Amino acid sequence: MKKLFLFDAMALIYRAHFAFAKTPRISSKGLNTSAVFGFTNTILEVIQKEKPDYLGVAFDTSAPTFRHIEYTPYKAQREKQPEDITIAIPYVKKLVEALDIPILILDGYEADDIIGTIAKKAVRANPEIEVYMMTPDKDYGQLVEERIKMYKPAFMGKGVEVLGPKEVCAKWNIQNVDQVIDMLGLMGDAVDNIPGVPGVGEKTAQKLIEEYGSMENLFKNTDKLKGKLRENLENFQEQGMLSRHLATILCEVPIEYEEERLIKTEPNRELLEPLLDELEFRTLRRRILGEEPEPVAAKAKASPKVAANQMDMFGSPVAAPADFMMSDEAEEAVSHFNNLANTAHQYHLVQGEAAIKSLIGFLARQTSFCFDTETTSLTAVEAELVGMSFAYRKGEAFYVPFPADQAEAQAQVDLFKELFANEAIQKVAQNIKYDMSVLANYGVEIKGATYDTMLAHYLIEPEKRHNMDALSMAYLSYEPLSIETLIGKKGAKQGNMRDVALEDIKEYAAEDADVTLQLKPFLDEQLAKNPKAIELLNEVELPLARVLSKIECEGVNLDVAFLQEMSKTLETDSREVQQKIFEVAGQEFNVASPKQLGEILFEKLKLDPKAKKTKTGQYQTGEEILSKLEAEHEIARLILDFRELQKLKSTYVDALPQLISPKTGRIHTSFMQAVTATGRLSSKDPNLQNIPIRTPRGREIRKAFIPRDENFQILSADYSQIELRIMAAFAQDEAMLNAFNQGIDVHKATAAKVFKVGLDEVTSELRRRAKAVNFGIIYGQSAFGLAGSLGISRTEAKEIIDQYFVEFPGVKAFMDTTITNARELGYVETVLGRRRYLRDILSANMNERSFAERNAINAPIQGSAADMIKVAMIRIQAFIERENLKSRMILTVHDELVFDAHVSEIDYLRTHIDEIMCQALDLGVKIETGIGVGMNWLEAH
DNA sequence: TGCGTCACG
DNA sequence: ACGTACGTGACGCAA
C-alpha cells in the first residue's frame, strides 16, 4: 500500500495558533510564528513518521463557496481571523512551496471539498493507495471509508489518532459514516453558524439517528415523538435539511487527480533555507536540512542529534558542521542579531582559587551580573552545589565547578560571600528564590537589589509559563540546551549533575546564565507597559522571594510519633469500614476504584437509575452524589467515611513524615510564586496550604504541626473576611462598609438586610444563607449555583440575590463596572496593579464569556488579598530581623500567617503582627485579624 | 498520563 | 441546549 497524505492547511494553522496561545513563538522582528511553526512541525512529523509516498496541501480561498451563496449567515458570525493567522498564511504557502509539496486550491471550494474529491478519486484510480486526511476537523468523518482515513495530528499531549470507519462510527455512536452528515444536520455547528434543529444537541441527535437511521426517516416519523422536540423537528425540517446540505463535503469538485504531481520529492533548498532563517526556525532547520543553524561550535559537540554522516529526514546526506572559531570580526558581523542567544558566545571554565578570585574581582566591578547554581537536587535544602555560572554581558559567561567534598566546597563558596553581600551590585537570576536557598545552606546571603526573570514574566503574563526554556523560546526564539540531554529525563534513571562531563555542564550552565541575562531587557520592555508592574516587582515580588526563601529554609517541626499513632488508627478504622462495605455490597471489590465502585452502586445495587456519567463514560461517585444517596442506602455513608480515612492517611498522615529533611529534621515546602492566575502563592512538596481543618478527624492532623522546642509555641494570625472587606472597599458600598467599620458580624448584617429582619432576629440558618451569598458574590455565582449550594429552589435563590443587590447597590454597580472595564481593557487588575488578562471577555461563546466575567469579578478581589498579605509578610520579616527576634515565620496560607514563636516574644509579636497586617494596604475599610497561640497548629486557631 | 476525587482558602 | 462559584496540589486508578 502506498500512502497519500492530504493536509487541511487552514484547520491545521488554526489549531497550531491556539496550541501556542500560552507561549507564542515571536521572532526577533516581532513576528508571531506560532502558526507556521506548528504547521511545519505537523508536516515534518508526518513525513518522518509515516513516510508518505504522495503529499498534497489544500487551502481555502477567500472567494465565496456554494455554502455562502445558498446560506448567507454561513460562517458570518465567525470572529475576525486573528491577525497573526492572516500574516502566517503567506508564510505557510511559501513553506509548502519550498518543501515542494503541491498546493491544492480552487476558488469557490473549501479545503474539505478539495480533499474529499481528491481522496475519492485517488482510491478509485489506484487500488494500491491509502489516503490519510490530516485535519482536526470532525466533519471529515463523513468521507472515511476502507482506504480513506482521518489522521488527527498529536495535540495537547494527546497522541495522533487515526480514524477509519469503525472508529468514526464509535465516536459518533452511529452505524455507518453516512450518518455523520445527518448528525451534523440535526446538531448544527456553532463555529460555522450552521443552525441545525433547535433543541437538538449531540446527545439528542445520537438518540434520534440511532432510532430512525436518517433525517428523512426521522422527519417521516415525527408523530412518534412528543413535546417540544417533536414541535421543533416539525417546524425546522427545512432548516435541518439545509444544515445537512451545508455540512456535506462535496466530492465532485472540478479538480483533477494528478498522481504524479503528488509524488513526494526533495525540498527546494534554495527556497527553504532563507525562509527558515527568516522565521528563525533553527531547530527545524537542523532537522530538515541537517545542518548547524548557527555557527556555535560547542553546541554541535554537545548535541548528539547531528553527526557528520547522519542522513536527514528526507534521506539526504547531512553536511558535517564546519569547524568554527568565533573571531571578533565574526562576532561583530552577527551582532545585529542582538536578540539571538546562540550567536557568538564565549563560555569560560574557571577553576582554582586564583582564577576564581580574579573572576570575583571582575564581577565585583560590575553594576549587575546574572548567576545560576547547578546542584545535586531540586530540593533546595538537600541540594549540594555542583557549580555556579555567571554572565555579565550578552554572550559571555563563566562556569565555576565546586568540589564534591563539602568542606572544600564550603571553603570555595566562602570566597563568593562578599560578592553576594555587595549591595551595590544587582543580582539577576531565573527563580532566584531557589539560588538564595541553596546559598543560604552555605551561609551566603544575597543582599542588595535583585532581579528575577521568572517573576518579571509572571507580572507580564501571569497565566503563561515562566520557565527559562519557555521564556527563551518566546523572547529570543532560541531553544536552550536542555537539562535532559545532560542528565536524562526525570525518573529513576535520571542521572546526577555530578556525573556530567565538565565541558558539557559548562556549556549548559553558562548558557543558562547568558540566556537569563539576555531575557532581562525584553522583559523590562514589557514591564514598562504597565506603570505599576515595576514597582510591584521591586517592592513586592522580589523582596517576597527572599522572605519565602527564609520561610522554606526554616521549615516546620512535625510530631512524627503522633502521626505514626494516627496512621495505625486510620488503618484499623478503614479496614473496618471496608469490611462493612463488602458486606453491604455483597462482594469484595476495590473501593478506591471509581470505576468498580460505580458499577457496584449503579448496576449491582441499582441505587440511582438516572446516575450521571462522566465524559469518559464512568459513573460519577463524587461527594455530592454520595451524600444524596445517603438516605437511600447505608453504603453511601460508608464509602464517604472510607474515602475520608484513605485521603487523610495517604495524603497527610503517611506522606508528611516521608518529607522530613534528613538534614534539618523538619519539613520544607516550596512556595510557588509564579503559578496562580490571581497572584496567590501555592505550596507544594508537600502542599501545606491544604492541611485538613473542616472535619473533626481531619483537623487532628494539625496537632502534628508543633513548635521547635518547649521554649516555643505556634502562633497563627489570619485576616478576618479579607476578600469581603476588599470587595466592600472596591465597591464603596455604604451598607457593607458600615457593617465592617462598626465591627458588626458581616454575615449577620447581610442576613438582617436581605431577609428583612432585625439584627437580633437573625437565626443561625439565616446567617448561614447570607454567608453563602456573600461567598457566592465574590465568585460571581449565579442563582443556579446558589440554589445548589443552599439546597433551595432556583426561584428562591434568585429572590435572595435580587434582594441582596437592592440592599447593597454599590456591590451591584461594582460588578457591572468591573465587567465593563474588563471588556474595554481586556484585563482586570488588583490594587497594586497586578493584571489578569481575560481573552474570552468578548467571546461569542456564552460559557467562555461567563467564565471570563466571573474571573473579572474574582481576580481583583482574590489578587488584592494576595497583594495585601505579601506586603504584610515582607514587613513582618523585616520587623523580625530588625528586632533580632528568636521567633520565625514558618507558613503562609492565603489569609493566614503561622509563626514558630518564642514564648518570651509572644505578646510583642501579637501586637506588631496585628498592626502590620492591618496596615499593609489602606483600602478605606477596617481590616481585622484573629490571632491565636497554642502548643500546635490546631490549638493556635 | 489523564481522570476523578478531595484537601485547603 | 448547555453549564452553572474562584483559586490551588496530591493521591490512586487505569490505560
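The figures that follow rest on heavy atoms only: side chains count, while hydrogens, waters and symmetry mates do not. In the text below, chain A, chain B and the rest are named by the order of the sequence lines, each starting its count at 1. Worth saying up front: this structure is predicted, and the values here are computed from it rather than measured.
- For the pair A:Arg835 and A:Tyr827, the distance from NZ or CZ to the six-membered ring centre is under 6.0 Å and the angle to the ring normal is within 45 degrees.
- With C:dT8, B:dA7, C:dC6 as the choices, the nucleotide that has an atom nearest any side-chain atom of A:Pro692 turns out to be B:dA7.
- The C1' atoms of C:dC2 and B:dT5 are separated by 24 Å, rounded to the nearest whole Å.
- Residue A:Asp685 contributes atom CG, which lies 17 Å from atom P of C:dT8 at whole-angstrom precision.
- Between the C1' atom of C:dT8 and the CD1 atom of A:Ile869 lies a distance of 15 Å, rounded to the nearest Å.
- Looking at A:Arg694, its side chain comes within 3.5 Å of the base of B:dG9 through a donor and an acceptor atom.
- Evaluation of atom-type donor-acceptor distances gives no pair under 3.5 Å for the side chain of A:Lys595 against the base of C:dC13.
- Distance from the side chain of A:Ser682 is smallest to C:dG9 among B:dG9, C:dG9, C:dC13.
- The side chain of A:Asn847 lies closest to C:dG3, out of C:dG3, C:dT4, C:dC6.
- Rounded to the nearest 0.5 Å, atoms CD1 (A:Ile800) and OG1 (A:Thr795) are 11.0 Å apart.
- Neither side chain, A:Ser670 nor A:Asp685, offers a donor N or O lying under 3.5 Å from an acceptor on the other.
- Rounded to whole Å, atom C1' of B:dG9 lies 13 Å from atom CD of A:Gln721.
- Counting only Watson-Crick or G-U wobble pairs whose defining distances are both under 3.5 Å, the stems of 3 or more consecutive pairs in DNA chain C are B:1-9 with C:6-14.
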